[in-house]
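Note that the numbering runs from 1 along the sequence shown for the chain. For the numbers below, each heavy atom of this structure counts, side chains included, while hydrogens, waters and symmetry mates do not.
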Amino acid sequence: MCRIGSPWVSGVTSSKGCGRFVCSPFFYFWVTTVSNAFSFERAPFNELSATEQTQVREVALHVRLAAGDHMLLPNSAPQYLWVLQTGHAQLDEDGHVHVLTTGEAVSWRALLTQHSHATVTTLDEVCAWQLPKATMMALLGDNPRFSARVFATMASNLADDEDINHNRELLSLMLLRVKDAYLQKPFYVDGQLDLVSVCKRLSEKKLTNALVRDTQDGGERIGMFTTTDLRDALLHPTPPARLAVREVTRFDLISLSSDAELFDALLIMLRHRVHRVLVKDGDAIVGILSQLDLMSFMSNHSHLITLQVEQAHTVAELQVAALQVDDTIKLLQRGGMRIEIISRLVSELNSQIFARLWALLAPPELVQNSCLLVMGSEGRSEQILKTDQDNALLLRDGYANPNLEEATRQFSAALLTFGYPPCPGNIMVTNPLWCQSLAAFRQTIGQWLYGADAEGKMNLAIFMDARAVAGDAALLANARDYALKLAIGSDTFIGRMASAIDQFAEPASGWWQRLPLLHSREPETFDLKKIGTFPIVHGARALALEYRLEALGTVERLQALANRQILPMALVRDLVETLHMMMTLKLRNNLRQISLGQAISNLVELSSLGTLDRDQLTDALGIIRQFKQFLRLHYRLEA
């Protein structure tokens, strides 16, 4: 393998033939443009036409990799499909290992979902092809046999590896009903409409297909016209402007019931070699299920929620997407996904929902002249199930809008219908304290910092977790920077703020001794927030304010403190593990409460915990006590 010594060299043209060096975040490699070397003998590429094969040859790059190079890394968004020519690569996903060899691809699922869960490392010298994502997606859309082969391979891998955590999620999704998947709303055109007019309407709606209403022998019939049919229509002797769409429409459509399982939809698409099926409720057409949407749904359920959020034009449509978040959480938790990944994913989904809702309710000029914030656990990206609304609105100085009060009222009311309960402390945009101009809010920050109000220290702490989700983020940056500068030298205030770690009493020593031995008859409970996560979160927050850290997440704050040698690295590692353990326990407990029809709370019945959980909880409490003792000494809370 040819390497370049300097990490700054990229895209260097070589005089040796038609190749070039390429610099990747993973490795440096030598590539040459493929002429006729790519093999189309193996599936799914054996389904490509001669024209499509030429398209692949024109864009494929031949790459030589050394042993130990990474072809794929977790949490990356790949832009290429790899196909091995020679050599071997190891695919490692959630501890399960597979050896890939000649003709195998890396990785269709990552390419389709734009998110990798796996690591792929070369085991020896590997020669492979890089095929651009854009080309692969175009082939999937245009060639039903090729698409079916790809989908069948993914389904086969799913069956072979059903014990892998992510694939367990897919298997769970396969048992869902078609009506639970993303369905494109039916869009109808008349069969007499000319082809140019149909394409114009499709362009306006940003669609790739339309249902065609037509009559034949006195009866109505429904067909489908797609952009793939347009290719054949252009070869028709009648000019497109005079060609009725019925002449190039397919009327032999496949349909299935909205109550059918997704697995049935998959089999029907494969059996009939079609890309789309009509979904019916009785005789009524309720939507269209496409093969690509079905792939995406099974590969990444959250992707479909994001799509629904983007395409929501009413609050009611957005509500449908918002109410699916909890189901996604259940699937991810059941599939064994790590708690920190779930929390980041849910945070991103919630942010998109909040931003879309604000855009639907607030006048455009209000959105542009304000900054919508989320705070608390939502701001730190640590909230998972919906607990309460912690939000605020900063307005540009000098800007006023007569619809402000009504827009914020509708916003909070809509969130309530989405499953987000009101904040018990009234930290919401409907509260004038949390809906101010930038200048007024800066004055409020000063009052919190220097005033005698007992709630000031907690209000400032809450604000320090704020994250912008819509509007002008510079407004938040200005207010946050002001707070950080104002806190310089305010050791007394920060010390008072940090003292909140002791506001919730620890369990009595006798309880501590009995914790690992408790049996089901014991009715005692443990508050996972007050005694568990709060001391870690709030202690890290106080230190972040003192040392002017920009990080919002508790883990990021702790790691930044360790990097500055303010906290011992060993303690930070233990605190991170403890925080994640508490979050995992809380999610499991909340899901259990939901299944029993109980209200979500932070209290876990100790009798519901197994021996291992009790032992881990005992160790976690010891680590929390160690951190609290560090904070007491650091801020002289016991002086």
inquiry  = Could you go through His634 and Leu543, starting from their C-alpha distance and side-chain angles, then the distance that decides it, and tell me whether this counts as side chain to side chain contact (heavy atoms under 4.5 Å, CB included)?
reply    = CA-CA 10 Å; His634 182 80; Leu543 291 169; 3.8 Å; yes
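- Side chain to side chain, Gln324 and Thr328 fail the donor-acceptor criterion of an N or O pair below 3.5 Å.
- Heavy-atom neighbours of Tyr635 OH from other residues, nucleotides or ligands within 6.0 Å: above the threshold of 12.
- Of the N and O atoms on the side chains of Asn350 and Tyr420, at least one donor lies less than 3.5 Å from an acceptor on the other residue.
- A side-chain N or O of Glu382 and one of Thr554 form a donor-acceptor pair less than 3.5 Å apart.
- Asp390 contributes atom CG, which lies 12.0 Å from atom CZ of Arg467 (distance to the nearest 0.5 angstrom).
- A perpendicular orientation is assigned to the rings of Trp448 and Phe441, their planes being inclined by more than 60° (bins at 30° and 60°).
- When all heavy atoms of Leu552 and Arg480 are compared, the pair lying nearest together is CD2-NH1, 3.7 Å.
- Enclosure of atom CD in Glu455 is not indicated, since only 12 or fewer non-hydrogen atoms of other residues, nucleotides or ligands lie within 6.0 angstrom.
- Counted by atom type alone, Asp472 and Gln368 present zero donor-acceptor pairs between their side chains at under 3.5 Å.
- Using modelled atom types, one side-chain atom of Arg356 and one backbone atom of Ala312 make a donor-acceptor pair closer than 3.5 Å.
- In terms of the ring pair (Phe, Tyr, Trp, His ring centres under 6.0 Å) criterion, residue partners of Phe504 (sequence neighbours excluded) are, by chain and number, Phe534.
- Side-chain N or O atoms of Gln389 include none that pairs as donor or acceptor with a backbone N or O of Ile427 at under 3.5 Å.
- Side chain to side chain, Asp397 and Tyr399 fail the donor-acceptor criterion of an N or O pair below 3.5 Å.
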task = Would you check, one step at a time, whether the test side chain to side chain donor-acceptor pair (under 3.5 Å) holds for Gln593 with Asn590?
result = CA-CA 5 Å; Gln593 291 169 333; Asn590 288 159; 3.0 Å; yes
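- A salt bridge links Asp465 and Arg557; the closest N-O separation between the charged side-chain nitrogens and carboxylate oxygens is under 4.0 Å.
- Between Asp481 and Lys485 there is a salt bridge, since a side-chain N of the basic residue sits under 4.0 Å from a carboxylate O of the acidic one.
- Aromatic ring centres of Phe354 and Phe418: separated by at least 6.0 Å.
- Atom CD of Gln598 has more than 12 heavy atoms from other residues, nucleotides or ligands within 6.0 Å.
- Not one N or O on the side chain of Asn589 forms a donor-acceptor pair closer than 3.5 Å with the backbone of Leu585.
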request  = Please lay out, stage by stage, how Leu587 and Leu385 fare under the test side chain to side chain contact (heavy atoms under 4.5 Å, CB included).
outcome  = CA-CA 8 Å; Leu587 177 57; Leu385 292 174; 3.9 Å; yes
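- For the side chain to side chain contact (heavy atoms under 4.5 Å, CB included) test with Trp358, the passing option among Asn391, Val429, Leu393 is Leu393; the others fail.
- A donor-acceptor pair is defined here as one N or O able to donate and one able to accept, closer than 3.5 Å; such a pair exists between the side chain of Ser343 and the backbone of Glu340.
- Two residues are said to be in side-chain contact when any heavy atoms from C-beta on lie closer than 4.5 Å; Ser499 and Arg632 fail this criterion.
- With respect to the salt-bridge test (charged N to carboxylate O, under 4.0 angstrom), the residues Glu556 and Arg380 do not qualify.
- When every heavy atom of Asn401 is checked against every heavy atom of Asn403, the shortest pair comes out as OD1-N, 2.8 Å.
- Under a cut-off of 6.0 angstrom, the local environment of NZ in Lys529 is sparse, with at most 12 non-hydrogen atoms contributed by other residues, nucleotides or ligands.
- Closest of all the heavy-atom pairs between Met582 and Ile624 is CE-CD1, 4.0 Å.
- For the pair His313 (side chain) and Leu318 (backbone), a donor-acceptor distance under 3.5 Å is absent.
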task = Test Gln443 against Gln447 for side chain to side chain donor-acceptor pair (under 3.5 Å), laying out the working first.
result = CA-CA 6 Å; Gln443 290 181 356; Gln447 293 170 3; 5.3 Å; no
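- Within 6.0 Å of atom CD in Gln79, more than 12 heavy atoms from other residues, nucleotides or ligands are found, so the atom counts as buried in its surroundings.
- Atom CD1 in Ile342 sits 8.5 Å away from atom CG in Leu345 (nearest 0.5 Å).
- Remark: the backbone N or O of Lys530 is paired with a side-chain donor or acceptor of Asp527 at under 3.5 angstrom.
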